[in-house]
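Just so you know, ligand 1 is whichever comes first in the structure, and atom 1 is the first atom listed for that ligand. Along the sequence shown, residues carry numbers from 1. Side chains included, hydrogens not; waters and symmetry mates left out as well; all remaining heavy atoms used.
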Amino acid sequence: MRNIRKEAEPPGRSASERRCRYAEARAQLASLLEGESDPVARMASAAALLAEVLPQASFAGFYRAFGDQLVIGPYQGPPACLRIPFGRGVCGTSARENRSLLVADVRTFPGHIACDPLARSELVVPVHDAAGALVAVCDLDSREPGAFDEVDREELEAMMGLLFGRS
Ligand code: SME
C-alpha cells in the first residue's frame, strides 16, 4: 500500500511545493477538527492526514503523555512499542526536553528504540494543550535516511498547534 502511494508522489518535490501541500493539509485538518472535541478523534484524523501527506513515513502518529511515560495513541503504520519512558529513544527525549527532534540517521541517536528495525530517520514534535502542557508527541518515522528536514519540522509544529490550541 505504501509503495503504491509512493509511486503516486513525484520525487524530489521542492520546498515551496511541500509548503503548499502542508498549507492544504493544515486547512483540511482544521476542517476535519471543527466541532470535534474528543482528543483521540482529533489525533486519529491528524495521523491519517499525515500518512497521506508524507508517503515517505512508515509510521505517522502519536504517543500520549501520562506522568513520565508515553503511551501509544492513534497512528498509521506497523505495530509499534506501546509504552516509552520519558528520556528514552527519540520520542522519550523529545517529551522530556519538550522540544522537536529531527534525526536524519537513527543509528547515531543514543538509545534509539527500534520498534521497527528498518526505521532510518525520524521527526518528533511535542504537542501541547491550550494551557501549554505537554499532552503527546507526534512521531514520524521513515525507512529512508534523511526523510525529513527543517521544512517538515516547521510545518509539523504548525499543524500540531491546531490540534489542541497551542503548541
Ligand atoms: N522510534 C521511536 C520509537 C517509536 S517507534 O519507532 C514507532 C523512538 O526512538 O523514539
Side-chain angles (χ1 to χ4, degrees), residues 1-6 9 18 21-22 25 29 32 38-129 132-164 166-167:
M1 199 163 108
R2 299 253 152 216
N3 285 340
I4 292 165
R5 279 215 209 119
K6 185 166 286 178
E9 193 79 12
R18 288 157 59 215
R21 182 67 189 96
Y22 272 114
L29 182 62
L32 277 168
D38 182 81
V40 171
R42 294 174 75 86
M43 284 189 268
S45 300
L49 196 49
L50 286 169
E52 290 289 329
V53 176
L54 296 161
Q56 75 270 40
S58 49
F59 176 101
F62 295 88
Y63 280 91
R64 297 167 302 149
F66 293 103
D68 60 358
Q69 285 227 323
L70 293 170
V71 183
I72 192 74
Y75 70 96
Q76 304 256 322
C81 312
L82 301 188
R83 287 175 186 264
I84 299 175
F86 272 38
R88 278 211 55 214
V90 185
C91 291
T93 305
S94 167
R96 188 183 62 193
E97 297 180 3
N98 200 11
R99 66 183 179 101
S100 301
L101 289 175
L102 179 59
V103 181
D105 180 354
V106 295
R107 290 169 300 187
T108 65
F109 192 92
H112 169 252
I113 304 165
C115 296
D116 174 5
L118 298 178
R120 283 293 168 268
S121 57
E122 56 183 284
L123 170 60
V124 180
V125 168
V127 182
H128 302 106
D129 66 16
L134 181 81
V135 289
V137 296
C138 179
D139 180 21
L140 299 177
D141 297 335
S142 177
R143 291 174 173 175
E144 299 161 21
F148 310 107
D149 65 6
E150 284 297 323
V151 170
D152 298 299
R153 182 186 61 76
E154 273 179 30
E155 296 289 344
L156 193 63
E157 286 175 356
M159 262 177 105
M160 291 305 108
L162 295 178
L163 259 189
F164 300 113
R166 190 176 135 179
S167 199

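Side-chain atoms of V125 and M159, non-hydrogen and from C-beta on, never get closer than 4.5 Å to each other. The shortest distance between side-chain heavy atoms of L54 and Y22 falls below 4.5 Å. Side-chain contact check for S58 versus D116: some heavy-atom pair is nearer than 4.5 Å. The shortest side-chain heavy-atom distance between V135 and P39 does not fall under the 4.5 Å cut-off.
Distance alone, capped at 3.5 Å, is enough to place a donor-acceptor pair between the Y63 side chain and the C81 backbone. Between the side chain of S94 and the backbone N or O of S100, no donor-acceptor pair lies under 3.5 Å.
Considering backbone and side-chain atoms together, V90 places an N or O closer than 3.5 Å to an N or O of ligand 1. At least one N or O atom of E122, backbone or side chain, sits closer than 3.5 Å to an N or O atom of ligand 1.
The shortest contact between atom 5 (S) of ligand 1 and any protein heavy atom is with D141 OD2, 3.3 Å. The single protein non-hydrogen atom nearest to atom 10 (O) of ligand 1 is C91 N, 2.7 Å, given as residue, atom name and distance.
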Exercise. Can you list the steps and then say if L140 with D152 is a side-chain contact (heavy atoms from CB on, under 4.5 Å)?
Worked result: CA-CA 10 Å; L140 299 177; D152 298 299; 5.7 Å; no
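Less than 4.0 angstrom separates some heavy atom of C115 from each of these atoms of ligand 1: 3 (C), 4 (C), 5 (S), 6 (O). Each of the atoms 4 (C), 5 (S), 7 (C) of ligand 1 lies under 4.0 Å from some heavy atom of D139. Near G89, with a cut-off below 4.0 Å to any heavy atom, the atoms of ligand 1 are 9 (O), 10 (O). For ligand 1, the atoms sitting less than 4.0 Å from at least one non-hydrogen atom of I113 are 1 (N), 2 (C), 3 (C), 9 (O), numbered in the order shown with element in parentheses. Each of the following atoms of ligand 1 lies closer than 4.0 Å to a heavy atom of A80: 7 (C). Residue-ligand proximity, H112 to ligand 1, at heavy-atom distances under 4.0 Å covers atoms 1 (N), 9 (O).
Residue contact check for ligand 1: Y63 places a non-hydrogen atom closer than 4.0 Å to it.
Contact between M160 and F62 at its shortest, heavy atoms only, is SD-CE2, 3.6 Å.
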